[in-house]
Amino acid sequence: MRALLIAACLATTAIPALAVAQAPAANTAEHAAYEQDRKAILSQVGDFNVRFDMRETVNFVDGYAPLAPKASGGHEIVRVVYDTGDRISLQHILVMEHEGQMHVIKHWRQDWVWQPASVLTYAGPNTWTLTPVGESERAGAWSQTVWQTDDSPRYGGVGRWSHANGLAEWVSAPSWRPLARRDAIRSPVYDRYLGVNRHALTPWGWVHIQDNLKMQPAQGSEGELTVVVHEDVVNSYRRFDGFDPKAGEDYWAATQGYWAAVRDAWDAAIARGDGIHLQEEPQAGAVTGPELMDLADRVQSGEITEADAIAQAEALIRESTTR
């Protein structure tokens with residue numbers, strides 16, 4: 001059932017920056033800009049009607065025909081996991097009704113770090129690397145890191161918020177990311193994206209825009225990656241109170257202790273290796289996905305204690321990230 005619901009409603013979905021600068025001194029221009037950025041990030045919290053819209057636009061390889069546009073949607077709640085000032089974490093949770101039953105799927109998580117010293121970036125199939133962020137690049141900037149449904153890594157990038165011309169938006173530098181489920185399950189000729197990530201506030205909520213180049217590995221041992229096709233992704237989050245978020249809130253209340261320990265286990269694995277090697281899996285994003293998600297469901301149902309679930313999750317993460 002979970003796989004069917006994900007197939008119907010999910011569009012995309014994962015990365016810590018380990019050292020950060022202190023918040024700027026109060027009553028300074030820098031502090032005012034910092035607080036304005038924080039307000040924009042936290043404006044993404046709430047209850048939403050979400051539409052995911054993906055369109056391949058232009059092919060750059062002979063014989064490749066761009067896919068037909070694909071759209072899906074659902075209801076999603078976004079909640080604050082933690083907010084320490086210069087670090088903000090937001091959890092997305094899909095809340096859906098299917099055949100008269102309410103279903104909850106823990107979706108992606110986005111972490112924001114002000115002036116990060118490093119960010120975990122995708123480095124090609126099954127590999128993520130902690131990448132230093134230069135002093136000039138991080139000055140006044142925020143990293144955004146995105147995690148999969150099981151809190152394994154997806155992608156990370158660095159950019160700045162701007163608040164000019166009535167538009168609050170954050171735009172990343174180009175960053176690598178693994179295939180989303182919508183592509184991975186098709187075994188396409190490309191195996192990664194190079195994307196620019198944009199978050200912008202709107203009068204009705206906010207929008208997440210991706211400008212993706214889908215890349216094909218070089219033939220043989222030498223040569224550069226090849227751009228296969230360009231893709232536009234527009235994920236719109238429209239504030240909406242026409243659904244009951246209780247099922248999602250109940251899930252998060254019952255499982256947030258478990259997921260906090262899972263996050264800690266991923267962070268420990270990343271710190272041990274200055275990055276991480278983890279097998280990708282088309283249906284779930286990573287091989288750890290089905291078991292980690294199932295353990296959370298069993299914690300909520302009372303089938304397993306939180307302590308036992310955490311122990312199993314920690315063991316799974318250690319085993320799955322051993323190089």
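The structure presented is a predicted model; accordingly, all values stated were derived computationally and were not measured.
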With side-chain contact (heavy atoms from CB on, under 4.5 Å) as the criterion, how do Phe52 and Val234 come out once you've worked through the C-alpha distance, each side chain's angles and the decisive distance to 0.1 Å? CA-CA 6 Å; Phe52 308 115; Val234 180; over 6 Å; no

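- Aromatic pair Trp176/Tyr155: ring centres not closer than 6.0 Å.
- With respect to Lys214 and Glu231, a salt bridge is recorded, a charged nitrogen being found less than 4.0 Å from a carboxylate O.
- Proximity of a side-chain donor or acceptor of Trp170 to a complementary backbone N or O of Trp142 within less than 3.5 Å is detected.
- When atom types are taken as modelled, the side chain of Thr28 and the backbone of His31 share a donor-acceptor pair closer than 3.5 angstrom.
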Sequence neighbours left out, cut at 3.5 Å: what donor-acceptor pairs do the side chains of residues 308-319 make with other protein atoms?
unit_1: Asp308; atom_1: OD2; unit_2: Thr305; atom_2: OG1; d: 3.3

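- Formation of a donor-acceptor pair under 3.5 Å by the Glu281 side chain with backbone atoms of Gln283 is found in this model.
- Electrostatic pairing of Arg55 and Asp53 counts as a salt bridge here, judged by a charged N lying under 4.0 Å from a carboxylate O.
- Side-chain polar atoms of Glu169 and His163 form no donor-acceptor pair below 3.5 angstrom.
- A donor-acceptor pair under 3.5 Å is formed between the side chain of Thr202 and the backbone N or O of Trp204.
- A distance-only check finds no donor-acceptor pair linking the side chain of Tyr122 to the backbone of Ser175 [under 3.5 Å].
- Taking the six-membered ring for Trp, His75 and Phe240 have ring centres closer than 6.0 Å.
- Of the options Asp151, Val78, Val80, Ile77, a side chain to side chain contact (heavy atoms under 4.5 Å, CB included) to Gln91 is made by Asp151 and by none of the others.
- Between Trp112 and His199, the ring centre distance stays below 6.0 Å.
- Using modelled atom types and a 3.5 Å distance limit, the side chains of His107 and Glu76 yield a donor-acceptor pair.
- Every residue meeting the side chain to side chain donor-acceptor pair (under 3.5 Å) condition with Asp83, not counting sequence neighbours, appears here in chain and number order: Arg38.
- Following chains of ILVMFWY side-chain contacts shorter than 4.5 Å, one cannot reach Trp161 starting from Val207, and the two form parts of different hydrophobic clusters.
- Remark: Asp47 does not engage Arg239 in a salt bridge, criterion side-chain N to carboxylate O under 4.0 Å.
- Just one of Tyr237, Trp252, Phe48 meets the ring-ring contact (aromatic ring centres under 6.0 Å, His included) condition when paired with His92; it is Tyr237.
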